[in-house]
Student: 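My structure is below; once you've seen it, I'll send some questions.
This structure is a prediction, so every number in the text was calculated from the model and none was measured.
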Amino acid sequence: MSRLGRVLRAPARWWSRSLSFRVVTNSVLAALVVFGITGWLLVDQSTRGILEAKTDQSVSEASAVLEGMQASLRDADLRTSTVNEHLTRLARDVASRGNVGDQYDLIISGPVSDITSAGVDVASVPVPIREAVASGGQDLFTTPTSIAFTDGRTPRAGLVVGGALLAPGSGRYPVYFLFGMDQEQQTLEVVQRSALLAAVVFLPLMTGLMYLISLQALRPIRAARETSERIAAGHLDERMAIRGSDDLAGLGRSMNHMAVELGRKIQELENLSLVQRQFVSDVSHELRTPLTTVRMAADVLHEGRDEFSAPARRSTELLKGELDRFEYLLTELLEISRFDAGAAELQVDEVDMVQLVATEIAAQQPLAEAYDTKLVLDAPDEARCRVDPRRVRRIISNLLSNAIEHGEGHDVVLRVATNTDAVAVTIRDHGVGFSAAQAHQVFTRFWRADSSRQRTVGGSGLGLSIALEDAQLHGGWLNAWGRPGHGAQFRLTLPLTPGCTVSESPLAVVPAERRGA
């Protein structure tokens, strides 16, 4: 990513990660909107007021001058001079008065030509006001304009006030007063500059104030987050400092109370878990002695079962089978208690995973034949790794017997593969399967996908749970995939050396034929 891209993405990162940045940004934007509307209204109202005042003043002055000109024209003796001469004299006199203080300029549309103040361009009078004045009546008309000059002066903003003079027996002669608005324009510029300056001062001031306010409000929230993170990390004696009695102080008290209750509950659960683990361990050990005695007696009875009657012989066989299952369950309970107590250890040795899997396939062959199931091995010539052979054989045995039992007589395929840092084994059956939501539940102790389905292999319900613990003890994974009616696949992934990090499994957990489904 280029430096420009990082700079452009920085605000987005701050927006998503910083609550104070969002609070300050939103507050400043809201304040700018309010200030912008207020400033616009202020400038608009100021402009309207200045223009209305200038218009009223100009109309009043033009009306007074026009009345004087009308009276003078009415009293003039048109027998000794022409109307154009009278209009020229009036224009000269009125223009002279208008030049005092630079009040206005004058344009009169005479019978011969336009009579103007010195240097004023007649084009300064817009066409619409000419048409309005020519339409008749004694009303005065006004419109803004730009006053142009023929003598090289710079045009300036102005206001045109138009009316008409009536000459007895000669008709109407439009008169236009051009009032300069330089002073008003300067006043408006001052108002606009003041509004802009206020915005320039207001923006950083508002940003700083909102930042301080956000710090005051967000500092306790940040402290609550940090405290909760430390509590989640196991520091249950961590507490928030409480100051005052406002809502934030209430948040601190609630956090502290939650920490106290959480610590108490965790301690209760730890004590209960310890008692349960100790109970399972003690019971399992204590049952070994009577089980050995019962086992000896059952073996004696089982060896002499041919001399018994049919019901007694069947009872002896059932006793032998249930004792085998009970002993297996007791062994797995002892193993589970070791995992729970953190006392399980690896006995690492270098083995060939392909040979180990082949050995387990041979051991499970009688069970596979009983279920009319074919076991297929797809593996390279060799896959050397350092593992605990006993635990890995137990994982493969549990997964393989589970696949045979639930495979419904279809082939069970085992695959072995390696990469630079891991070895993987998948066991694929095409039996009843399970739903995607049950993929993690299969490793739960004593869990069965179909509680009405009877175990025929004689498992304890702890096999997959122990297999998961064995895999994790190596630093590896044990994953499950399944779909109802499409079977299941379990994948065991182990590091080539226990404790090493595994970034990717050599085999996929989803079967190849189902990846596009």
Student: Looking at CZ of Arg305 and OG of Ser315, how far apart are the two atoms once the value is rounded to the nearest 0.5 Å?
Tutor: 13.0 Å

Student: Under a 3.5 Å distance rule, please check whether His406 uses its side chain to pair with a backbone N or O of Asn402 as donor and acceptor.
Tutor: yes

Student: Report yes or no: does His486 contribute a side-chain atom to a donor-acceptor pair with the main-chain N or O of Gly482 at less than 3.5 Å?
Tutor: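 Answer holds: no.
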
Student: Test your reading of the model: is there a side-chain donor-acceptor pair from Arg491 to the backbone of Leu507, 3.5 Å cut-off?
Tutor: yes

Student: Output yes when a side-chain donor or acceptor of Asp352 lies under 3.5 Å from a complementary backbone atom of Ala383, and no otherwise.
Tutor: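 It does hold such a pair.
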
Student: If you draw a 6.0 Å radius around CD in Glu504, do more than 12 non-hydrogen atoms from other residues or ligands fall strictly inside?
Tutor: no

Student: For a 4.5 angstrom cut-off between non-hydrogen side-chain atoms, does Leu492 reach Ile396?
Tutor: yes

Student: So, do Arg428 and His430 sit near enough that their side-chain heavy atoms are less than 4.5 Å apart?
Tutor: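 The answer is yes, as the side chains (C-beta and beyond) meet within the 4.5 Å cut-off.
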
Student: The test is side-chain hydrogen bond (donor to acceptor under 3.5 Å, both in side chains); show your working for Gln364 and Ser401 and say whether it passes.
Tutor: CA-CA 7 Å; Gln364 297 283 346; Ser401 61; 4.8 Å; no

Student: Quick check: do Phe434 and Pro484 have side-chain heavy atoms less than 4.5 Å from each other?
Tutor: no

Student: For side chain to side chain contact (heavy atoms under 4.5 Å, CB included), just list the numbers for Leu301 and Phe308, CA-CA rounded to whole Å, side-chain angles, deciding distance to a tenth of an Å, and then say yes or no.
Tutor: CA-CA 9 Å; Leu301 294 175; Phe308 300 157; 4.0 Å; yes

Student: Which heavy-atom pair separates Pro366 from Ala363 by the least distance, and what is that distance?
Tutor: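 Looking at all heavy atoms of both residues, the shortest contact is CD-O, 3.5 Å.
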
Student: How long is the gap from CG on Asp372 to CD1 on Ile404, to the nearest 0.5 Å?
Tutor: 12.0 Å

Student: How long is the span from the CD atom in Glu350 to the CZ atom in Arg384, to the nearest 0.5 Å?
Tutor: 5.0 Å

Student: Between atom CG of Asp299 and atom OG1 of Thr316, what is the distance when rounded to the nearest 0.5 Å?
Tutor: 11.5 Å

Student: Tell me, please, which residues at least two apart from Asp411 pass side chain to side chain donor-acceptor pair (under 3.5 Å).
Tutor: none

Student: Does Glu317 come within less than 4.0 Å of Lys320, counting only side-chain N to carboxylate O?
Tutor: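 The answer is no: the pair does not qualify as a salt bridge.
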
Student: Just do the side chain to side chain contact (heavy atoms under 4.5 Å, CB included) check on Phe490 and Thr426 with the steps written out, would you?
Tutor: CA-CA 6 Å; Phe490 286 82; Thr426 59; over 6 Å; no

Student: Within the side chain of Gln489, is there an N or O that forms a donor-acceptor pair under 3.5 Å with the backbone of Ala508?
Tutor: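 At least one qualifying donor-acceptor pair exists.
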
Student: So Arg264 and Glu268, salt bridge (charged side-chain N to carboxylate O under 4.0 Å, His left out) or not? Walk me through it.
Tutor: CA-CA 6 Å; Arg264 186 174 61 83; Glu268 290 178 359; 2.9 Å; yes

Student: Is there side-chain contact between Glu408 and Val432, with at least one heavy-atom pair below 4.5 Å?
Tutor: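 With C-beta onward as the side chain, the pair touches.
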
Student: So does Glu189 have more than 12 non-hydrogen atoms from other groups sitting under 6.0 Å from CD?
Tutor: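 Result for CD/Glu189: enclosed.
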
Student: Of all the heavy-atom pairs spanning Ala471 and Trp477, show the shortest one and how long it is.
Tutor: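 Closest heavy-atom pair between Ala471 and Trp477: CB-O, 3.9 Å.
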
Student: Test of understanding: with side-chain contact (heavy atoms from CB on, under 4.5 Å), list the residues that count as partners of Ala422, not counting sequence neighbours.
Tutor: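 Ala422 satisfies side-chain contact (heavy atoms from CB on, under 4.5 Å) with Asn419, Thr493, Val502, Pro506 once adjacent residues are dropped.
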
Student: Taking all non-hydrogen atoms of both residues into account, name the closest pair between Leu478 and Leu464 and its distance.
Tutor: CD2-O, 4.5 Å

Student: Should Gln186 and Met181 count as side-chain neighbours, where that means a heavy-atom distance under 4.5 Å?
Tutor: no

Student: How many angstroms lie between CG in Leu356 and CZ in Arg390, if you round to the nearest 0.5 Å?
Tutor: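 The CZ atom of Arg390 is 12.5 Å from CG of Leu356, to the nearest 0.5 Å.
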
Student: At their closest point, which heavy atom of Thr373 faces which heavy atom of Gly409, and how far apart are they?
Tutor: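 Smallest interatomic distance, heavy atoms only, reads OG1-CA, 3.6 Å.
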
Student: Would a distance-only check, ignoring hydrogens and angles, find a side-chain to backbone donor-acceptor pair under 3.5 Å from Gln438 to Ser435?
Tutor: yes

Student: Does Thr359 reach the main-chain N or O of Val357 with its side chain, forming a donor-acceptor pair under 3.5 Å?
Tutor: no

Student: Could you give me the CA-CA distance, side-chain angles and deciding distance for Met258 and Arg253, then say whether side chain to side chain contact (heavy atoms under 4.5 Å, CB included) is met?
Tutor: CA-CA 8 Å; Met258 181 191 69; Arg253 283 191 291 271; over 6 Å; no

Student: Indicate yes or no: at least one non-hydrogen side-chain atom of Arg394 is less than 4.5 angstrom from one of Ile466.
Tutor: yes

Student: Rounded to the nearest 0.5 Å, what separation is found between the CD1 atom of Ile427 and the CG atom of Leu375?
Tutor: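 The CG atom of Leu375 is 9.5 Å from CD1 of Ile427, to the nearest 0.5 Å.
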
Student: Hey, mind stepping through Thr418 and Cys385 against side chain to side chain contact (heavy atoms under 4.5 Å, CB included) and telling me if it holds?
Tutor: CA-CA 9 Å; Thr418 61; Cys385 56; over 6 Å; no

Student: Ignoring hydrogens and geometry, is there a side-chain-to-backbone donor-acceptor pair from Arg391 to Glu345 under 3.5 Å?
Tutor: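 Yes, because the side chain of Arg391 sits within donor-acceptor range (under 3.5 Å) of the backbone of Glu345.
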
Student: Specify the closest pair of heavy atoms between Ser46 and Val191, including all atoms of both residues, with the distance to one decimal.
Tutor: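 Looking at all heavy atoms of both residues, the closest pair is OG-CG1, 3.9 Å.
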
Student: To check you understand the geometry: which heavy-atom pair defines the closest contact between Asp182 and Ala157, and what is its length?
Tutor: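 In terms of heavy atoms, the two residues are closest at OD1-O, 4.4 Å.
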
Student: Does the side chain of Glu52 reach to within under 4.5 Å of the side chain of Thr55, using non-hydrogen atoms?
Tutor: no

Student: Name every donor-acceptor pair, under 3.5 Å, that has one atom in a side chain of residues 36-45 and the other anywhere in the protein, sequence neighbours excluded.
Tutor:
{"residue": "Thr38", "atom": "OG1", "partner": "Val34", "partner atom": "O", "Å": "2.8"}
{"residue": "Asp44", "atom": "OD2", "partner": "Arg48", "partner atom": "NE", "Å": "2.9"}

Student: Is there a side-chain contact between Pro498 and Val387 (heavy atoms, below 4.5 Å)?
Tutor: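 Result no, sub-4.5 Å side-chain heavy-atom pair not found.
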
Student: Where the side chain of His474 meets the backbone of Asp388, is there a donor-acceptor pair that is under 3.5 Å apart?
Tutor: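 Yes, because the side chain of His474 sits within donor-acceptor range (under 3.5 Å) of the backbone of Asp388.
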
